[in-house]
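Remarks on the structure that follows.
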Amino acid sequence: MKFIIVHQLPGRIRLRTAPLPADFASTLADRLENLPGITGIRISLRTGSILLLYTGTSTPRNICALLAAQTLPEKSLQIRTHSEGAMVEAQNHPGWGPFLWYLFVRPMLPMFIRIITALKSALPYIKKGLAALFHGHLNVDVLDASAITISILRGDFGTASLLMLLLGYGEAMEQWTRRKSLAQLAESLRLGVDNVWVRREGQDLRIRFDELRVGDLVVVRDGSAIPVDGTVVEGNALVNQASMTGEPLGVRREPGASVFAGTVVESGELLIRATGVGDNTRVKGIVKYIEESEKIKAGIQGKAERLANTAVPFSFLLAGLVWLATRNLTRAASVLLVDYSCALRLATPLAIMSAMREGVENNILIKGGRYLEGLAGATTVVFDKTGTLTNSRPQVAEVIPAEGYERSEILRLAACLEEHFPHPVARAVVRQAEEEHLIHEEEHARVDYVVAHGICTHVNEKRVLLGSLHYIHNDEHVAVKHMRAEADRLAKAGCSVLYLASDGKLIGLIGLNDPPRPEAREVIKALREAGIGRIVMLTGDDRRAAGTVAKQLGIDEYRAEILPVDKAGIVASLHDEGETVLMVGDGINDSPALSAADAGVTLKDGADLAREVAGVVLTASDLHQLLAAIQLGRSAMRRIQTNFALTLSLNTLFLAGGLSGILGPGISALLHNLTTLGVCFNATRRFLPKGETI
Amino acid sequence: MNSSIMQYITSFFEGRVRIRHPELRKSGCEEQIWALLGQIPGILTLTVEQKTGSLLLEYDPEVLPTNKLLELAEQWSAAHPV
């Protein structure tokens, strides 16, 4: 892009270029700030003027070199101006100008100018109404057009103008709030900085997302989102592309295949050569998300819209009857001018958007009105134990050797096997061994991992197995009888038990527990107080361990020993029993259950896939936010109901006034539109009490 | 001319301002800044880097006029003489 030096003095240089988009100006300012010697930068976005203050003699040369290298990122800008137009346009708050014009300037204008301006502004409304009629719809647009046309035909240009002013203002207000809310949502999503794994010189390194460059080899494992657009170089995985294509089932991706940012690896591992990185790809994801969230309308929103449109024919019917009975066009017009639909149509989506925005401010990301409704109506909350009620950070509670073995021997051998696997249980065992300074040598052969069961290898010619009771006893037929009493004791204490066998004999047990989150008990109590009738805990642990944890947390209903695939079924059956179900989970295998629930809730550090699927994300990873989310949902739905009631009662009153002739069409229109503005304003008020923001 | 704070503004355009101020290097300053600005409508992001003593502030100039923001900055600056 071109920069022209307007003037230059020692220590000061002013340049000019085309008007700058704000986000590009940010990047430019960041780069300039990092030049040595720069002491001040002033940029005017509108005029494209850049004033730089500096010290040192070589700085101007560096400035010029830096600016010469700048190109306006065409592609990303196009994407942004189209979709995040939200952000740009969000600044256009509808001002008071039109009102002032109506009140003070308009009356001063000569009559014919008033007529011309009224006709000119009426045309779009009339066109819209005719178009609707032409398509066979008798909807709100037709009503608006009729009301305006009747006023104009009666020569009442004042009423017509006022009507259009209020209609326009209501729409502008709605647009503004919507854009503002979306802009904030987009912003909150964009700021999430996370780390990615890259492979450099054969080593896997963790780097910041913004340090990624095109050409980097990115490593993506089970349950993680793919952070870049790219080509698979190595590996084999099932990739869930639901965020791009809507297809819920994973597709297989092998070397040579293309993958896209924002899609998620369900299982397997991929090495990806990045072809597109940075905000550019991420922005696409956000755009998609926002578009989706707009589609996910709440049931109540649909109801408001249907109600608004069904009311229209009745308005016409009533107006017709009034005209027949009184032969008074003024009174008939009054009926048309008071319609119930405006307020319902505008206020409901406004309330939903505002609630979503308030959620973001409180670290609760709600992805659409439907989920807000789910939160409000929840009668049952289902928790997946690991990761939501606990921190998903298991600890070794006890190591029990069989007779003739040392405790340290058992722990050392287990750690030696487990260190090859990245899952939390393995990490707990390795951590414990490290804490006890148990150093081991690599004596074993290749280690095999049997998914969800255990590990198998050979140490000193002996076959060593580590895993669940099911794996050791049922699959591998190792006798466990001599240690059953100890295993029972561990299970009763709420531990999950790992069995270690060598050469066909059980040689030790390791008990692991996963302590509950500190706030879990309190939150469950508060949920009950908030009227949630059923709280259910799901876990893969055995019955006794599950019972102990449930008791600690004050939960009386739990399902133990369930397999990941059963979770969605349990949620669905609760739903069939007539419950409105909130599912709280954070693992990859919770995703089907999260989608089956009325609202799926996940925590920020949950698997990427879970965050993708869940309707609600608690972005500060604190269960207290679940309460706030429910409160927000209830408050929003209550506000919508109140608005319904206010709209219906006030407008009925005005209608009665119009029918009886007490209120003229002008006053009717004014009162009606003030009601509309009033409920819109009511819809955007805060939902959560101030002090309770978390 | 707004005397004190202006000399610490490293870069500025409507909607984004970076201030480098010695006070920002002190620990606990971030909390103060949040307490001062966090609740004000129109502030979009606040980033304090204690190491470099820098504050990056993005705001919505339609909601929070630049003058109003400068007033706040002046108040803070007056309370924290260098």
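Here the structure is a predicted model, which is why all the values come from computation and not from measurement. Here is the naming used below: chain letters follow the sequence lines, and residue numbers restart at 1 for every chain.
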Requested in this report: Test B:Arg20 against A:Thr39 for side chain to side chain contact (heavy atoms under 4.5 Å, CB included), laying out the working first.
Outcome: CA-CA 10 Å; B:Arg20 286 192 206 279; A:Thr39 56; over 6 Å; no
Report summary line: With sequence neighbours left out, the residues meeting side chain to side chain donor-acceptor pair (under 3.5 Å) with A:Arg42 are none
Report task. Mind checking the OG1-CG spacing from B:Thr10 to A:Leu53? Nearest 0.5 Å is all I need. Result -> 10.5 Å
Query raised in the report: Between atom CG of A:Asp30 and atom OG of B:Ser11, what is the distance when rounded to the nearest 0.5 Å?
Result: 7.5 Å
Query raised in the report: Would you say A:Ser26 and B:Glu58 make side-chain contact, with heavy atoms under 4.5 Å?
Result: yes
Report task. Could you give me the CA-CA distance, side-chain angles and deciding distance for A:Ile41 and B:Arg18, then say whether side chain to side chain contact (heavy atoms under 4.5 Å, CB included) is met? Result -> CA-CA 9 Å; A:Ile41 304 167; B:Arg18 188 187 290 283; over 6 Å; no
Requested in this report: Indicate the atoms forming the closest heavy-atom contact of A:Leu45 with B:Phe13, along with that distance.
Outcome: CD2-CD1, 3.6 Å
Query - Pairing residues for B:Thr66 by the side chain to side chain donor-acceptor pair (under 3.5 Å) criterion, not counting sequence neighbours - result: B:Glu14, B:Tyr59
